[in-house]
Structure formats: structure tokens, C-alpha cells
Amino acid sequence: MVIGASGQIGRPVVAALARDGWEVTAASRGGGRDGSWDTGVRVVRLDRSDDGALAAVVGDGCDLVVDMVAYDASHARQLTSLADRIGSAVVVSSVSVYEDGKGRGFDTAGDQDGFPVYPVPVPESQPVVAPGAASYSTRKAALEQELRLAEAELPTTVLRAGAVHGPHSPLPRELYFVKRNLDGRRRRVLAYRGESRFHPASARNIAELVRLAAARPGARVLNACDGGAPTAAEIGTAIDAVMGVETETTLLDGPPPGGTVGGSPWSVPLPVVLDMSAAERELGYRPVVSYADSLPETVEWLTGALRDGDWRERFPVMARAYPGAFDYAAEDAWSAEA
């Protein structure tokens with residue numbers, strides 16, 4: 001059973017498992033079906049907040065549960081309460097659980113001197129934030145903690161995903177460059193000299209990790225990212241190449257000079273690059289797609305989505321996270337003064 005099957009990661013996960021011969025039940029709030037799925041995939045509606053509904057879908061039992069939408073300790077307990085009916089599980093977490101040696105993490109990143117100083121690359125042994133209910137990061141840490149406590153009854157592979165990308169994303173970071181190109185903005189500004197690195201994770205590569213973990217059940221925590229971590233400038237150049245445009249980039253030595261000018265969804269002062277050697281060693285993981293090779297389908301999907309209306313309405317999560325992403329007036333004013 002795949003929970004969150006109609007989401008960005010769920011769609012390729014269902015397809016990958018079906019290709020491997022699994023009899024897949026695709027569970028989602030809407031009960032929708034992706035056109036790429038095998039006709040043998042069973043679809044069901046599932047309200048994740050309803051404990052009884054989850055137990056009913058699991059029924060007499062299943063060999064594997066893949067959970068894309070588990071968010072906190074209560075969701076972990078939902079799964080572990082059904083341990084006698086589930087063979088093993090794969091649960092998607094986040095790299096946001098990591099903290100550095102001074103207790104800094106994603107929750108402190110916006111504070112003065114609060115951005116975490118991670119090793120490059122970050123191994124799974126890196127400390128994590130204290131579990132709790134205060135934030136996305138602490139809730140994910142609580143999710144992981146609960147799953148580890150029950151690993152003897154329910155062997156679970158936890159996948160800590162990086163900056164997820166691909167079609168059907170509620171927060172498509174690539175929109176930053178795609179929309180600018182569609183709007184004819186041939187000049188852009190990038191903070192930190194465009195060298196920021198926030199390790200991307202293709203939904204298709206995460207699906208490959210799920211597929212491999214499904215075939216090798218166990219209690220483990222693994223990073224889930226692409227094979228490489230391109231810089232913000234390299235991402236912009238790669239998107240330009242897909243769209244067939246040429247741009248000029250002004251590189252700033254430091255952070256955005258006030259406001260959002262020069263900021264992008266990848267603009268971080270220090271690298272966030274994850275170590276993928278454990279996944280390679282334990283599961284034989286090899287990325288099925290590189291970041292650059294994944295871009296054409298993402299660009300095509302975003303271009304089509306932008307035809308349907310205002311970007312804020314189409315991607316409200318993105319709009320809340322980066323409200324000034326396309327403040328062209330502020331950028332032009334800064335450029336004129338500079």
C-alpha cells in the first residue's frame with residue numbers, strides 16, 4: 001500500500017513498484033489515478049487523519065506500506081499499531097531534521113549566525129533536532145523516533161529527502177528560473193555568487209530508493225538525494241538550456257542586499273550536501289536520472305501549469321514560501337541604483 005500515492009513522490013513510487021511486480025494499492029485523499037500507472041494498480045480514497053480508515057485499507061495485512069505523507073509521531077503510531085499486519089515499511093522524512101554541532105538547523109537558518117554549518121557531505125550519523133511538535137523539522141524527528149522505537153515489530157526504512165523536484169510539486173523551486181524566462185527576464189541576480197548548494201532529490205530517484213528498500217526490508221535511515229548537488233547558478237544555466245534562452249547573471253559576493261533581490265529557493269550561505277554512500281552500500285542505489293536530465297519534463301509541466309492562471313493561485317505553497325520571488329520592480333530599482 002502506498003499512502004500519498006497521487007502526490008509528487010507517490011506517482012513514480014507506485015509506477016516503480018508495479019513494474020517490479022508488486023500488487024499495489026494506491027491510497028490518497030482524492031483516490032485519483034495517474035495515467036502512467038499499470039491498469040492493475042488498485043486505487044482507494046484514504047483520509048490519513050482517520051485511524052479506522054487506515055486500518056480498513058490495510059485490511060488483513062500487506063507485505064509493504066510506503067508512506068509519503070507521515071508527518072509526526074501520531075502518524076508513526078498509526079503505522080506501528082498495525083505492525084502485526086504489515087511486513088515492512090518505507091517512510092519519507094526530511095534532511096531538515098539535521099542540526100550542526102552548535103544546535104543550529106533549518107529552524108534557526110533565518111536567525112543571525114543561525115545557519116547550520118554541516119559537514120560536506122552530511123552523513124546519516126549527523127545529530128538531529130530534538131523531537132517535538134514545534135516545527136516541521138521537530139515533527140519529522142518525532143516521527144523517526146517513534147518508528148525506531150518499534151523497529152523490532154515493524155522494520156522501517158526511513159528516507160531523508162533533500163530538495164524534492166519534478167512534476168506535481170507543491171513547491172517547485174525550478175519555477176524561479178522558468179517563470180523568469182517566460183516573462184522575458186534575461187538578466188538576473190544571484191546571491192552568494194550563485195554558489196549555493198541545496199542537494200536536490202528527484203522524485204524518480206526517491207522512487208528508486210523505495211523500490212530497492214522494498215526488496216530488502218530492514219530497520220535503517222538513509223539520505224535520499226540525487227547523485228550530485230549543482231549550484232544555484234548551474235541550475236539556472238541548465239534550465240536556460242532546456243528552454244533555449246540566454247541570460248546574464250550578476251553574482252553578489254554575499255547575501256541578498258535587502259529584500260529578496262538575488263535570493264532564490266537555493267540561496268543558502270553554506271552548502272547542504274548529503275552523503276549518499278550508505279544508500280549505495282546498503283541498497284545498491286544508483287540514481288536513475290541526473291538533475292539536468294530530469295529538467296525537460298519539469299519545465300514542460302511548469303510551463304503548462306503557468307498557462308492555467310496566476311502562479312500564486314497555481315502554487316500557493318510556493319507563494320507562501322517565497323512571496324517576493326518575482327518582485328521585478330524591486331530588482332530593477334536595485335539594478336538601476338547599483
Answer whether the closest heavy-atom distance between the side chains of M318 and P170 falls below 4.5 Å.
no
Flag yes if more than 12 heavy atoms outside E280 fall under 6.0 Å of its CD atom; otherwise flag no.
yes
Work out which heavy atom in S294 is nearest to a heavy atom in V289; give both atom names and the distance.
N-CG2, 3.7 Å
Centroid separation under 6.0 Å, is that true for the rings of Y328 and W334?
no
Looking at R220 and E282, is any side-chain nitrogen of the basic one under 4.0 Å from a carboxylate oxygen of the acidic one?
yes
My understanding is that only residues two or more places apart in sequence, or in another chain, count here; which of them pass ring-ring contact (aromatic ring centres under 6.0 Å, His included) with F326?
W311
Please walk me through it: do R85 and D60 pass salt bridge (Lys or Arg N to Asp or Glu O under 4.0 Å)?
CA-CA 6 Å; R85 290 190 267 164; D60 294 334; over 6 Å; no
Same apolar cluster (I L V M F W Y, side chains within < 4.5 Å links), L270/V95
yes
Go through S202 and D226 one step at a time and tell me if the side-chain hydrogen bond (donor to acceptor under 3.5 Å, both in side chains) criterion holds.
CA-CA 6 Å; S202 165; D226 294 346; 4.7 Å; no
Any donor-acceptor N or O pair under 3.5 Å, side chains S290, D293
yes
Is it the case that one hydrophobic cluster holds both V317 and Y71, taking links as side-chain heavy atoms less than 4.5 Å apart, direct or via other members?
no
Taking L159 as the starting point, is it possible to reach V128 by hopping between hydrophobic residues whose side chains are less than 4.5 Å apart?
no
Side-chain heavy-atom pair R186, E246 within 4.5 angstrom cut-off
no
Geometric cation-pi criterion, R312 with F315: 6.0 Å, 45°:
no
Nearest 0.5 Å please: distance from the OG1 atom of T156 over to the CD atom of E146.
11.5 Å
Do the side-chain N and O atoms of D72 and Y136 include a donor-acceptor pair separated by under 3.5 angstrom?
no
Nearest non-hydrogen partners of C62 and V58, listed with the distance:
SG-CG1, 4.3 Å
I'd like to know if the side chain of K140 reaches the main chain of V92, judged simply by a donor and an acceptor atom lying under 3.5 Å from each other, with no hydrogens or angles considered.
yes
Counting distance only, does the side-chain N/O of R197 pair as donor-acceptor with the main-chain N or O of A229 below 3.5 Å?
yes
Main chain of G263, side chain of Y176: is a donor-acceptor contact present, judged purely on distance under 3.5 Å?
yes
Between D275 and P123, is there a donor-acceptor pair closer than 3.5 Å when you use the side chain of the first and the backbone of the second?
no
Hphob cluster co-occupancy, Y285 + V210, side-chain heavy atoms under 4.5 angstrom:
yes
Quick one: CZ on R77 to CG on L143, what's the gap to the nearest 0.5 Å?
10.5 Å
Stepwise, does the side-chain hydrogen bond (donor to acceptor under 3.5 Å, both in side chains) test hold for R160 with S94?
CA-CA 4 Å; R160 291 173 176 163; S94 170; over 6 Å; no
Under 4.0 Å between a Lys/Arg side-chain N and an Asp/Glu carboxylate O for R19 and D38?
no
When you measure from the side chain of H165 to the backbone N and O of R173, does any donor-acceptor pair fall under 3.5 Å?
no
Apply salt bridge (Lys or Arg N to Asp or Glu O under 4.0 Å) to residues D310 and R314 and explain how you reach the verdict.
CA-CA 6 Å; D310 185 273; R314 186 64 180 81; over 6 Å; no
Quick check against the 3.5 Å criterion: does H199 have a side-chain atom that pairs as donor or acceptor with the backbone of L274?
yes
Would you indicate whether the side-chain heavy atoms of L252 and T250 approach each other to under 4.5 Å?
yes
Indicate yes or no for a side-chain donor-acceptor contact from S137 to the backbone of S96 under 3.5 Å, with no hydrogens or angles considered.
yes
Going by heavy atoms in the side chains, are Q78 and D67 under 4.5 Å from each other?
no
Could you check whether any side-chain N or O of D20 sits under 3.5 Å from a backbone N or O of W22, counting only pairs where one atom can act as donor and the other as acceptor?
no
Using a 4.5 Å cut-off on heavy atoms from C-beta on, say whether the side chain of E99 contacts that of P116.
no
Over 12 non-hydrogen atoms of neighbours within 6.0 angstrom of CZ in R187
no
Sub-4.5 Å side-chain heavy-atom contact between I3 and V66:
no
For the backbone of V268 and the side chain of S196, can you confirm whether one donor and one acceptor N or O come within less than 3.5 Å of each other?
yes
Test of understanding: clusters of I, L, V, M, F, W, Y form through side-chain heavy atoms closer than 4.5 Å, transitively. Do L64 and L209 belong to the same one?
yes
Taking atom CD as the centre, does E297 end up with more than 12 heavy-atom neighbours from other residues, nucleotides or ligands that are less than 6.0 angstrom away?
yes
For R42 and E23, run salt bridge (Lys or Arg N to Asp or Glu O under 4.0 Å): C-alpha distance rounded to whole Å, both residues' side-chain angles, the deciding distance at 0.1 Å, then the answer.
CA-CA 8 Å; R42 171 177 173 247; E23 296 178 7; over 6 Å; no
Between R148 and E144, is there a salt bridge with N-O shorter than 4.0 Å?
yes
Quick one: do T231 and E195 satisfy side-chain hydrogen bond (donor to acceptor under 3.5 Å, both in side chains)? Show the steps, please.
CA-CA 5 Å; T231 66; E195 296 171 353; over 6 Å; no
Modelled atom types, side-chain donor and acceptor of D240 and T247, under 3.5 Å:
yes
Has S169 got a side-chain atom pairing as donor or acceptor with G166's backbone, closer than 3.5 angstrom?
no
What are the two closest non-hydrogen atoms of V90 and A214, and how far apart are they?
CG2-N, 4.5 Å
Are there over 12 heavy-atom neighbours, none belonging to D113, within less than 6.0 Å of that residue's CG?
no
Charged N to carboxylate O under 4.0 angstrom, R185 versus E331?
yes
Under 3.5 Å, is there a donor-acceptor pair linking the side chains of Y291 and E174?
yes
Does any part of the side chain of L222, heavy atoms only, come nearer than 4.5 Å to the side chain of L283, both counted from C-beta?
yes
Does a donor on one side chain and an acceptor on the other come within less than 3.5 Å for D327 and T260?
no
Of all heavy-atom pairs between L79 and I86, which one has the smallest distance, and what is that distance?
O-CD1, 3.9 Å
For a ring-ring contact (aromatic ring centres under 6.0 Å, His included) with W266, tell me which candidate from Y322, F198, Y192, F177 qualifies.
F177
